[in-house]
Amino acid sequence: MHRQFSIALRKFPFSTQAPQVYFRVSAVDPAEPALQEEVFKMPEQFEDLTDALERWRSSDVSFEVEGYWDLWQQLPEGWRLQPSRVNLFFYGPAFPSELGEGIRAELGVEATFLPQAWNAGELHYYQSNIKSLLRLAADWTQSLKVKERRLWSESGDDFSARLKMVGESPSQRQN
């Protein structure tokens with residue numbers, strides 16, 4: 001379990017602009033007080049973070065790593081590559097997780113990946129963010145023992161179907 005978590009963390013593209021991550025260890029239930037909370041600067045303190053994982057060898061713990069990865073975001077002054085918040089959750093086999101998952105990644109709001117309105121001039125920014133998402137999924141699938149992947153969205157819509165539309169022109173979407 002700990003080895004898999006370390007690999008997932010090593011493969012995650014943490015932000016170079018906002019390199020600090022918040023690490024939290026919970027036991028038995030997410031409502032219980034944290035056993036450990038600490039801030040690490042990535043990548044300089046990556047080994048310290050993995051050492052912290054190793055200190056908690058129990059099947060009923062969960063680890064949360066809150067940090068950032070760099071994605072394109074539309075700001076008032078235009079498009080910029082900016083830190084975007086991410087939460088990574090690693091669940092021990094005896095820790096109650098919502099869907100029975102071992103790893104959960106909350107990678108940001110939908111609007112970062114899906115345009116709210118069609119504008120061909122902005123499409124490449126969304127496509128770049130989607131490529132980052134797909135690259136992470138491919139890296140984790142290749143490096144970890146992945147049994148199943150789920151792409152979930154807060155809206156409840158079929159996020160994968162909506163992702164496919166990002167590469168289509170408005171005339172292709174109407175057909």
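Keep in mind that what you see is a predicted model, and the values were worked out from it rather than measured.
Residues Leu9 and Val21 have side chains not in contact (no heavy-atom distance under 4.5 Å, counting atoms from C-beta outward). You'll find the side chain of Leu136 stays beyond 4.5 Å of the side chain of Leu133, heavy atoms only. Using a 4.5 Å cut-off on side-chain heavy atoms (C-beta onward), Leu107 and Phe12 make contact. Side chains of Leu71 and Ser132 form a contact here, defined as non-hydrogen atoms less than 4.5 Å apart. Taking 4.5 Å as the limit, some side-chain heavy atom of Val65 sits within range of a side-chain heavy atom of Phe14. Put simply, the side chain of Phe63 reaches to within 4.5 Å of the side chain of Phe23, judged on heavy atoms.
Contact between Pro83 and Gln73 at its shortest, heavy atoms only, is O-NE2, 3.1 Å.
For Trp72, the ring pair (Phe, Tyr, Trp, His ring centres under 6.0 Å) partners two or more places apart in sequence, or in a different chain, are Tyr125. Tyr91 is linked by a ring pair (Phe, Tyr, Trp, His ring centres under 6.0 Å) to Phe95, counting only residues two or more places apart in sequence or in another chain. Every residue meeting the side-chain contact (heavy atoms from CB on, under 4.5 Å) condition with Arg3, not counting sequence neighbours, appears here in chain and number order: Ile7.
Hydrophobic clustering (ILVMFWY, side-chain heavy atoms < 4.5 Å, transitive): Trp140 and Trp69 are in one cluster. One hydrophobic cluster, built from ILVMFWY side chains closer than 4.5 Å, cannot hold both Ile130 and Tyr68; they sit in different ones. By the criterion of side-chain heavy atoms lying less than 4.5 angstrom apart, applied directly or through intervening Ile, Leu, Val, Met, Phe, Trp or Tyr residues, Phe90 is grouped together with Leu49 in one hydrophobic cluster.
Under 3.5 Å, the side chains of Ser15 and Asp70 contain a donor-acceptor pair of N or O atoms.
Annotation: Gln142, atom CD; neighbour count of heavy atoms from other residues, nucleotides and ligands within 6.0 Å does not exceed 12.
If you take OG on Ser128 and CG on Leu123, they are separated by 11.0 Å, rounding to the nearest 0.5 Å. Atom-to-atom distance recorded for Thr50:OG1 and Arg10:CZ is 6.5 Å, nearest 0.5 angstrom.
Applying the under-4.5 Å side-chain rule to Ile, Leu, Val, Met, Phe, Trp and Tyr, the cluster around Leu75 consists of that residue alone.
A salt bridge (charged side-chain N to carboxylate O under 4.0 Å, His left out) check over residues 75-94, counting only residues at least two apart or in different chains, returns the pairs Glu66-Arg85.
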Verify side-chain contact (heavy atoms from CB on, under 4.5 Å) between Glu64 and Ser26, making sure each step is shown before the conclusion. CA-CA 8 Å; Glu64 177 183 356; Ser26 298; over 6 Å; no

Report the C-alpha distance between Tyr126 and Leu114 in whole Å, list the side-chain angles of each, state the deciding distance to 0.1 Å, and finish with yes or no for side-chain contact (heavy atoms from CB on, under 4.5 Å). CA-CA 6 Å; Tyr126 292 103; Leu114 298 171; 5.7 Å; no

Mind running side-chain contact (heavy atoms from CB on, under 4.5 Å) on Ile103 and Phe89 for me, showing each step along the way? CA-CA 6 Å; Ile103 297 175; Phe89 299 91; over 6 Å; no

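A donor-acceptor pair under 3.5 Å is absent between the side-chain atoms of Gln4 and the main chain of Ser143, judged by distance alone. The backbone N or O of Gly100 lies less than 3.5 Å from a partner atom in the side chain of Ser97, making a donor-acceptor pair. The closest donor-acceptor contact from the side chain of His2 to the backbone of Leu53 lies under 3.5 Å. At least one donor-acceptor pair under 3.5 Å links the side chain of Asn129 to the backbone N or O of Thr112.
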Hey, can you pull the donor-acceptor pairs under 3.5 Å for the side chains in residues 32-42, sequence neighbours left out?
residue, atom, partner, partner atom, Å
Gln36, OE1, Trp56, NE1, 2.7
Gln36, NE2, Glu38, OE1, 2.7
Glu37, OE2, Tyr22, OH, 2.4
Glu37, OE2, Arg24, NH1, 3.2

